[in-house]
Structures are given as C-alpha cells and as structure tokens.
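For reference, the structure discussed in these notes is given below.
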2 protein chains.
Amino acid sequence: MNEAGGRVPSQLRKGVLEYCVLALLRDGPKYGVELLGELAAVSVMTTSQGTIYPLLSRLRREGLVDTRLRESPSGPPRRYYTLTAGGRAALGEFAGVWPLFRDAVDHFLNHPQGDPV
Amino acid sequence: MNEAGGRVPSQLRKGVLEYCVLALLRDGPKYGVELLGELAAVSVMTTSQGTIYPLLSRLRREGLVDTRLRESPSGPPRRYYTLTAGGRAALGEFAGVWPLFRDAVDHFLNHPQGDPV
DNA sequence: CGAGGTACCTTGCATGGCATGGTACCTGGT
DNA sequence: ACCAGGTACCATGCCATGCAAGGTACCTCG
C-alpha cells in the first residue's frame with residue numbers, strides 16, 4: 001500500500017498511467033527510471049519499477065513505442081523509449097476521451113441535491 | 001468491448017465508478033437499475049448490471065451503504081441503497097484525491113515540450 | 001396461465017497496478 | 001584483484017475491479 005495517498009490512487013491509475021507515459025514520451029526519448037522520476041514529480045502518480053517495466057513491455061509489444069539501448073555516462077546501459085505513429089494515435093484517442101470522462105466525474109462529485117445539469 | 005467508447009473508458013472507470021455511485025446516493029436512496037440509468041445519462045459512464053450489482057454488494061459488505069427492500073408500484077421489489085457515515089467518509093476522501101489526480105493527468109496531457117509547471 | 005417487462009444476482013474472465021525478488025553494469029575504496 | 005553500493009533492467013505472482021453471459025423471481029396484461 002502506498003502511504004502517500006492510500007488505496008484510492010492505485011485504482012485510479014489503472015488505464016491512465018499508460019497514457020501519462022505516452023504523453024511524457026512526446027518530449028523525446030526517455031528511459032525507465034527517468035519516467036519513474038517524472039511521474040513521481042506529481043506525487044499522486046508516484047509508482048514503482050514493478051509497475052513501469054511491465055507497462056513499457058506491453059507498450060512495446062503493442063507497437064506504441066520503439067526502443068533503443070544506449071550507454072549511460074555512469075552505470076548500466078539504458079533502454080530509451082520513443083513514440084511510434086501508433087503511440088501518437090493512441091495518445092490522441094485518449095486525449096479525446098479523457099475530458100469527457102474527467103467532466104463526468106466532476107459532474108457526479110459536484111452536483112448536490114438534484115441541481116439541474 | 002463497449003462500442004460507445006471502446007477500450008479506453010472501460011479501464012478509466014476502474015476505481016471511479018464506485019465513487020460516482022456513492023455520489024449519486026447523496027441525493028437520497030436509489031436502487032440498482034435507477035443508478036444504471038443515472039450513470040448512463042453521462043454516456044462515458046454507461047455500464048451494465050454485471051458491473052453494478054457486484055459493486056453494490058461490495059459497498060454493502062464494506063459498510064459504505066445500507067440497503068432496504070421496498071415494493072415497487074409495478075414489478076418486483078427494489079433494493080434501495082443509502083449512504084452510511086462510512087460511505088460519506090469514503091466519498092469525502094475520494095473528493096480530496098480526485099482533483100489532484102485529475103490535474104495530474106491534465107498536466108501530463110497538456111504540457112508540450114518542457115513547459116514549466 | 002403464458003408472454004413480456006422489470007429487477008436482482010452470480011460466475012468466470014481480462015486487464016492492469018503492485019510487491020517482491022533477481023540479474024547485470026559500472027565506479028570507487030582497500 | 002576484489003567487494004560494496006548505486007544504477008538500471010526485467011519477471012513472477014497476487015489482487016482489485018469492470019464486464020459479458022446467464023440465471024431467477026416478481027408483477028401485469030391478454
């Protein structure tokens with residue numbers, strides 16, 4: 001259990017983390033641990049290696065990212081992930097659905113006692 | 001696969017539907033099919049009986065809702081669900097986390113090429 | 001008394017986050 | 001030469017939860 005947020009965010013991240021990663025890759029190639037850091041910069045998105053690596057493998061298997069192994073200035077080689085055309089398309093699809101979903105949740109949360117929509 | 005939205009919304013709903021239901025119950029007791037209808041009023045939240053009934057059973061088991069069987073004016077009796085204090089607390093906790101989560105996703109989606117936060 | 005509508009519920013599966021544990025590379029100290 | 005510690009990658013197994021499919025029961029109407 002994640003102490004910084006508890007049980008709720010873990011379920012929330014389901015199906016969203018994937019697209020946050022794709023979004024981060026718009027800015028250029030990134031490697032696993034780097035992505036972990038950028039996600040954790042927004043604390044509610046903090047996750048672990050046990051989440052990110054299976055996720056990245058899946059993205060690769062589905063052709064949404066390409067990978068390239070590169071030497072590190074200090075440490076073991078890093079696997080850099082780059083968006084493919086398919087990845088860009090998937091991200092675009094999500095960007096279309098997300099606002100609808102977000103507003104729906106806001107709607108349910110913020111309209112007390114039979115407020116008109 | 002849900003034709004009205006595809007694979008994305010189904011994963012998005014995970015862990016959120018529960019709180020949308022709790023939010024709907026703030027307005028007073030509701031029964032299963034009624035909740036289905038109110039969720040479907042926002043199309044991205046459309047779901048099925050196979051989702052809602054296990055969910056409601058779980059909420060009851062966890063003490064977030066109370067239930068009461070009542071006769072229907074026409075048809076079989078309906079099981080009405082009411083928020084408990086625990087349910088209200090869970091909803092409040094979610095209402096605290098959700099904006100953080102929502103803004104985080106917006107952040108990742110909307111900040112191109114190294115925009116400062 | 002059967003057909004159709006309403007309503008409840010269960011079973012089994014698929015998805016995806018997570019804890020845990022393991023491997024390998026590189027550097028720096030002794 | 002060797003080992004400790006940091007960095008980085010990856011796999012296994014579990015659990016929560018949405019969903020399709022299928023089942024039961026109540027009520028009304030012809």
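Treat the numbers as computed from the prediction; the structure is a model and nothing was measured. Proteins come first, then strands; the chains are lettered A, B, ... in the order of their sequence lines, and each starts at number 1.
In this model, the phosphate group of D:dC10 is approached by a side-chain N or O of A:R79 to a distance below 4.0 Å at OP1 or OP2. At D:dG18, none of the side-chain N or O atoms of B:R7 fall inside 4.0 Å of OP1 or OP2 (strictly under the cut-off).
Donor-acceptor pairing under 3.5 Å, judged by distance alone, is present between the side chain of B:K14 and the base of C:dT15.
For B:V33, the listed nucleotide lying nearest its side chain is C:dC8; candidates were C:dC8, C:dC18, D:dC26.
Rounded to an integer number of Å, the gap from CG of B:L56 to P of D:dG18 is 11 Å.
Between the axis at the start and the axis at the end of the helix from C:dC1-D:dG30 to C:dT30-D:dA1 there is an angle of 10°, using five pairs per end and rounding to 10 degrees.
Residue-level contact check: A:Y19 touches neither bases nor backbone, having no heavy atom under 4.0 Å from any strand. Within 4.0 Å (heavy atoms only), B:T51 reaches at least one base atom of the nucleic acid.
DNA chain D is contacted by both B:L55 and A:S72; A:S72 maps to the nucleotide lying nearer its 5′ end (nearest heavy atom per residue). Residue-to-nucleotide proximity on DNA chain C shows that, of B:Y53 and A:E71, the 5′-proximal contact is made by B:Y53. Judged by closest nucleotide on DNA chain D, B:E18 is the one of B:E18 and B:P77 placed further toward the 5' end.
In this structure, A:T84 contributes its side chain and A:G63 its backbone to a donor-acceptor pair below 3.5 Å.
A salt bridge links B:R58 and B:E18; the closest N-O separation between the charged side-chain nitrogens and carboxylate oxygens is under 4.0 Å.
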